[in-house]
Student: 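So that we are looking at the same thing, I have put the structure below in structure tokens.
We use all heavy atoms of the structure for the numbers below, so side chains are in, but hydrogens, waters and symmetry mates are not. A, B, ... follow the sequence lines: proteins, then strands. Residue 1 opens every chain.
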Amino acid sequence: MARANERVAGLLAEYAELLAMTGGDRFKIRSYEKAARGVGGYATDLATLDETDIRKIPNVGASIAGKVHQAVQTGTFPQLEELRGQIPAGVLTLMRIPNLGPAKALAVYRELGIADIDALLAAVENGDLRQLKGFGPRTEQVIRTGIELVRGGAGRVLMATALDLAESIVERLAPLADRCTYAGSLRRGRETVGDIDILAAAADSGPLMAAFVALPEADTVLVRGETKTSIRTALHPAAALPAAGTGAGKQPDADHAGAAGDSAGSTSAGGLQIDLRVVPQEVWGAALQYFTGSREHNVRVRELAVHAGLKLSEYGLFHAETDELIVAGTEQEVYERLGLRWVPPTLREDLGEVAAARNDELPELVTVDALRGDLHTHTNLTDGVATLDEMLTAAAERGYDYYAVTDHAPELFMQRMTLEKALAQRERLAELRGRYPGMRLLHGTELNIAPDGSVDWPEDVLAEFDLCVASVHSHFTLPAAEQTRRLIRACENPYVQIIGHPTGRLIGRREPIELDLPAVFEAAAATGTALEINGGPDRLDLRDEHIRWAAERGVTFAISSDAHAVPQLDFVRYATLTAQRGWLTPDQVLNCWPYERVLEFLTRPR
DNA sequence: GCCGTTTTCGGCCCGACTGTTTTCAGTCG
């Protein structure tokens, strides 16, 4: 089962939002937001803690510890229910619209009775919104485009959220099946998914279907059959925030692939459809291949079958004329009988993988196991919730050969970073070196790229860091030409070795900055500046197709967690899936290299 | 409501931007 931490963090964050709407004390609101981050980022499962231990979580004091304890036991706490009673859940969903915060959400609810996005759009269309104080024509337009952004991803959930849920369900169903796994776009590692497909092999589907509809996640049973059963998870405003995200507030949503659908929160798995299909063990491979997709990939593969006088379906590979079964047991057999190497699921998008499989030219894809270190992480010196020691201990447990701490730099004013703090951290890091004999410790920083492309701190300070990541954290709306110049200049900075989350997008919340991507990729390649693949579940930045473009131009990449808490070190998993979708091999990924080669990359004259 | 090499009160994440203002409120990173 998934940890209680994410669920409870969602409740605390929801309570903070409701407090913000009802005019609560702003420092109290901040406390709940911080507590939500502390709980979500805490390494230990809340379910195993008593109230005394809960108080040891950062930013959790006596009052919140009591509520957390109650929430673990009962799923909620009275003060939350009290506020839920005052504000309809739909009003919270309004806050997913960019530039629409608690004050404006409450205003449209109180003044116009608007409690969902549909009603808000209607009010924009008929001009009602303009009557409200503080709502002018510009606000109207901002809300209109914001609704488009949110709608674009409606009904889809982030890959990380879906993976957690799918793995948890597979774990519970597996004892009843010969084989059980998730398939579909989730297995292909897409950044968001519209539903979850679970496949099981069993002689008797009865017990599996019964267990499936009895899952606590099953709010509604949509279809109940012998071979296929579909459920829908409950809509719940609670998890309206990123599970272990770095900031409370807006909810990430979904991607470009927009589908019409309900307006439920998407970072939560609320309102998500889950299908379970049960097949005989003998056809496992054919069924898994079929239900993994993509549709386009399967069309291409079936085309090959037809040319060979065969036909392929979820039941197996057959002779076209005699209907004689040839193979169906494993995916490998299916692909091989068609003259193909087995195609990794992350490549199955009909983007050249079938031809590559036929010519034995598939890339040896990068894997999580191939990662030797993490080059973008934070601590509680800035906006992380774990100490340096805690992060290092967790990194060592992962078996990393090297690890970089890259806390924020002074120009991100809210983090109150100073040179003194950075230098003190560097000393502390030096003291800790002896404690981790197998892991090289790098002292880095995450710089801010100013609109003109310059970064924090003078050259002599930058020169003393082992590693500088540079990222865009402000001025997201400059024209493309200026943004392009900005990033190229950052690449040209001899002290900047990695560009962090290069496009700055937040899935479903913020569009990428406008860039001439080929120009930036060429600058990165020419200057030997690595581009990051950030594993934050709502970032995944660079994204899959951009990685491929950049790789074609000879760019080197860094697969980074950008962890702000111990559990978030796992975010490299999502970045790695994304890197696979960009066809990357370990040799193209900086942090798959041995330490000596990384050091050479970081220190070579530029 | 949390927190304390300022220890039980008085601070707390600061500054910029934007739209609707006539001096500021809301939102964001």
Student: Give the rounded distance in Å between these two atoms: CD of A/Q141 and P of B/dT18.
Tutor: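 Taking CD of A/Q141 and P of B/dT18, I get 16 Å after rounding.
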
Student: Could you tell me if the side chain of A/P567 sits less than 4.5 Å from the side chain of A/Y42, heavy atoms only?
Tutor: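 Not in contact.
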
Student: Below 4.5 Å, heavy atoms only, C-beta onward: do A/P537 and A/T161 meet side chain to side chain?
Tutor: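 No - every pair of side-chain heavy atoms lies 4.5 Å or more apart.
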
Student: Where the side chain of A/S31 is defined as all heavy atoms beyond and including C-beta, which of B/dT27, B/dC2, B/dT20 is the nearest nucleotide?
Tutor: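 Ranking B/dT27, B/dC2, B/dT20 by closest atom to the A/S31 side chain puts B/dC2 first.
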
Student: Determine: side-chain N/O of A/S474 to OP1/OP2 of B/dC28, distance under 4.0 Å, yes or no.
Tutor: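 A/S474 to B/dC28 OP1/OP2: no side-chain N or O under 4.0 Å.
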
Student: C1' atom, B/dT7 versus B/dC12: distance in rounded Å?
Tutor: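 Each nucleotide's C1' atom is 16 Å from the other's.
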
Student: Evaluate A/H475 against A/H473 for side-chain hydrogen bond (donor to acceptor under 3.5 Å, both in side chains), listing each step before the verdict.
Tutor: CA-CA 7 Å; A/H475 299 90; A/H473 291 123; over 6 Å; no

Student: Counting heavy atoms from C-beta on, name the nucleotide in B/dG15, B/dT20, B/dG29 closest to the side chain of A/R138.
Tutor: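 When the side chain of A/R138 is considered, B/dT20 is the closest of B/dG15, B/dT20, B/dG29.
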
Student: Can you list every pair that meets salt bridge (Lys or Arg N to Asp or Glu O under 4.0 Å) and has a residue in residues 127-141 of chain A, with sequence neighbours left out?
Tutor: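 Sorted pair list: A/R130-A/E140.
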
Student: Roughly how far apart, to the nearest Å, are B/dC24 and B/dC13 at atom P?
Tutor: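 The same atom, P, in both gives a distance of 25 Å.
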
Student: Nearest-Å distance, CG (A/D383) to P (B/dC13)?
Tutor: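 Rounding to the nearest Å, CG of A/D383 and P of B/dC13 are 12 Å apart.
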
Student: Taking the side chain of A/R416 as heavy atoms from C-beta outward, which of B/dC2, B/dC12, B/dG19 is closest to it?
Tutor: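 The answer is B/dC12.
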
Student: Would A/F27 pass as stacked on B/dC12, i.e. its ring centre under 5.5 Å from the base's six-membered ring centre and planes under 30° apart?
Tutor: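 A/F27 vs B/dC12: stacking yes.
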
Student: Once you round it to whole Å, what is the distance between P of B/dG1 and CG of A/L80?
Tutor: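 Taking atom P of B/dG1 as the reference, CG of A/L80 is at 14 Å.
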
Student: Taking atom C1' in both B/dC9 and B/dT18, compute the distance separating them and give it to the nearest angstrom.
Tutor: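 That atom pair is separated by 37 Å.
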
Student: Please set out all donor-acceptor pairs under 3.5 angstrom arising from side-chain atoms of residues 21-28 of chain A, sequence neighbours excluded.
Tutor:
{"residue": "A/T22", "atom": "OG1", "partner": "A/L18", "partner atom": "O", "Å": "2.8"}
{"residue": "A/T22", "atom": "OG1", "partner": "A/L19", "partner atom": "O", "Å": "3.3"}
{"residue": "A/D25", "atom": "OD2", "partner": "A/F27", "partner atom": "N", "Å": "3.2"}
{"residue": "A/D25", "atom": "OD2", "partner": "A/K28", "partner atom": "N", "Å": "2.9"}

Student: Without decimals, in angstroms, what is the distance between A/F135 CZ and B/dT20 P?
Tutor: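 Rounding to the nearest Å, CZ of A/F135 and P of B/dT20 are 10 Å apart.
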
Student: Who does B/dG15 pair with, Watson-Crick or G-U, both distances under 3.5 Å?
Tutor: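 When the pairing criteria are applied, B/dC28 turns out to be the nucleotide that pairs with B/dG15.
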
Student: Mind checking what makes salt bridge (charged side-chain N to carboxylate O under 4.0 Å, His left out) contact with A/D544, not counting sequence neighbours?
Tutor: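 With neighbours one apart ignored, the set is A/R581.
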
Student: Under 4.0 Å: is that the gap between some side-chain N or O of A/R30 and OP1 or OP2 of B/dC12?
Tutor: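 Negative; the distance criterion is not met.
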
Student: Kindly confirm or rule out a cation-pi arrangement of A/R539 over A/F571, judged by NZ or CZ under 6.0 Å from the six-membered ring centre and within 45° of its axis?
Tutor: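 Judged by the rule, A/R539 and A/F571 form no cation-pi pair.
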
Student: I need the residues from residues 124-134 of chain A with at least one non-hydrogen atom less than 4.0 Å from DNA chain B; give them sorted by number, or say none.
Tutor: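 Going residue by residue through residues 124-134 of chain A, the ones with a heavy atom under 4.0 Å of DNA chain B turn out to be A/G134.
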
Student: Can you tell me the distance, in whole Å, between the NE2 atom of A/H473 and the C1' atom of B/dC28?
Tutor: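 Interatomic distance, NE2 of A/H473 to C1' of B/dC28: 13 Å.
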
Student: Residues from residues 62-74 of chain A sitting under 4.0 Å of DNA chain B, heavy atoms only?
Tutor: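 Those residues whose heavy atoms fall under 4.0 Å from DNA chain B, taken from residues 62-74 of chain A in numerical order, are A/A62, A/S63, A/I64.
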
Student: For A/D389, enumerate each residue passing the salt bridge (charged side-chain N to carboxylate O under 4.0 Å, His left out) test, keeping only those at least two apart in sequence or located in another chain.
Tutor: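 Once residues adjacent in sequence are excluded, the partners of A/D389 under the salt bridge (charged side-chain N to carboxylate O under 4.0 Å, His left out) criterion are A/R428, A/R435.
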
Student: Using the P atom as the point on both nucleotides, what is the distance between B/dG10 and B/dA16, in whole Å?
Tutor: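 30 Å, rounded to whole Å.
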
Student: Would you check if the distance from the ring center of A/Y495 to the ring center of A/W457 is below 6.0 Å?
Tutor: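 Here the rings of A/W457 and A/Y495 have centres that are no less than 6.0 Å from each other.
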
Student: Given B/dT20, B/dG1, B/dC13, which nucleotide is nearest the side-chain atoms of A/P137?
Tutor: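 Side chain of A/P137 sits closest to B/dT20.
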
Student: For nucleotides B/dG26 and B/dT20, find the distance between their C1' atoms and express it as a whole number of Å.
Tutor: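 So the two C1' atoms sit 11 Å from each other.
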
Student: Would you classify A/V142 as touching base, sugar-phosphate or nothing, given that sugar-phosphate means primed atoms plus P, OP1 and OP2, and contacts are heavy atoms under 4.0 Å?
Tutor: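 Since no nucleic acid heavy atom lies under 4.0 Å of A/V142, the category is nothing.
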
Student: Could you tell me if the side chain of A/Y32 sits less than 4.5 Å from the side chain of A/L11, heavy atoms only?
Tutor: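 They are not in side-chain contact.
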
Student: When the distance from CG of A/N59 to P of B/dG11 is rounded to whole Å, what number comes out?
Tutor: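 Rounding to the nearest Å, CG of A/N59 and P of B/dG11 are 20 Å apart.
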
Student: With a 4.5 Å limit on heavy-atom distance, are the side chains of A/T192 and A/V157 in contact?
Tutor: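 No, too far: nothing below the 4.5 Å cut-off.
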
Student: B/dT27 C1' sits how many Å from A/R509 CZ, rounded?
Tutor: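 Going from A/R509 (CZ) to B/dT27 (C1'), I get 13 Å.
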
Student: Between A/R510 (CZ) and B/dT27 (C1'), how many Å, whole number?
Tutor: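 Interatomic distance, CZ of A/R510 to C1' of B/dT27: 13 Å.
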
Student: Can you tell me how far C1' in B/dT8 sits from the matching atom in B/dG4, rounded to whole Å?
Tutor: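 Nearest-Å result for B/dT8 against B/dG4 at atom C1': 9 Å.
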
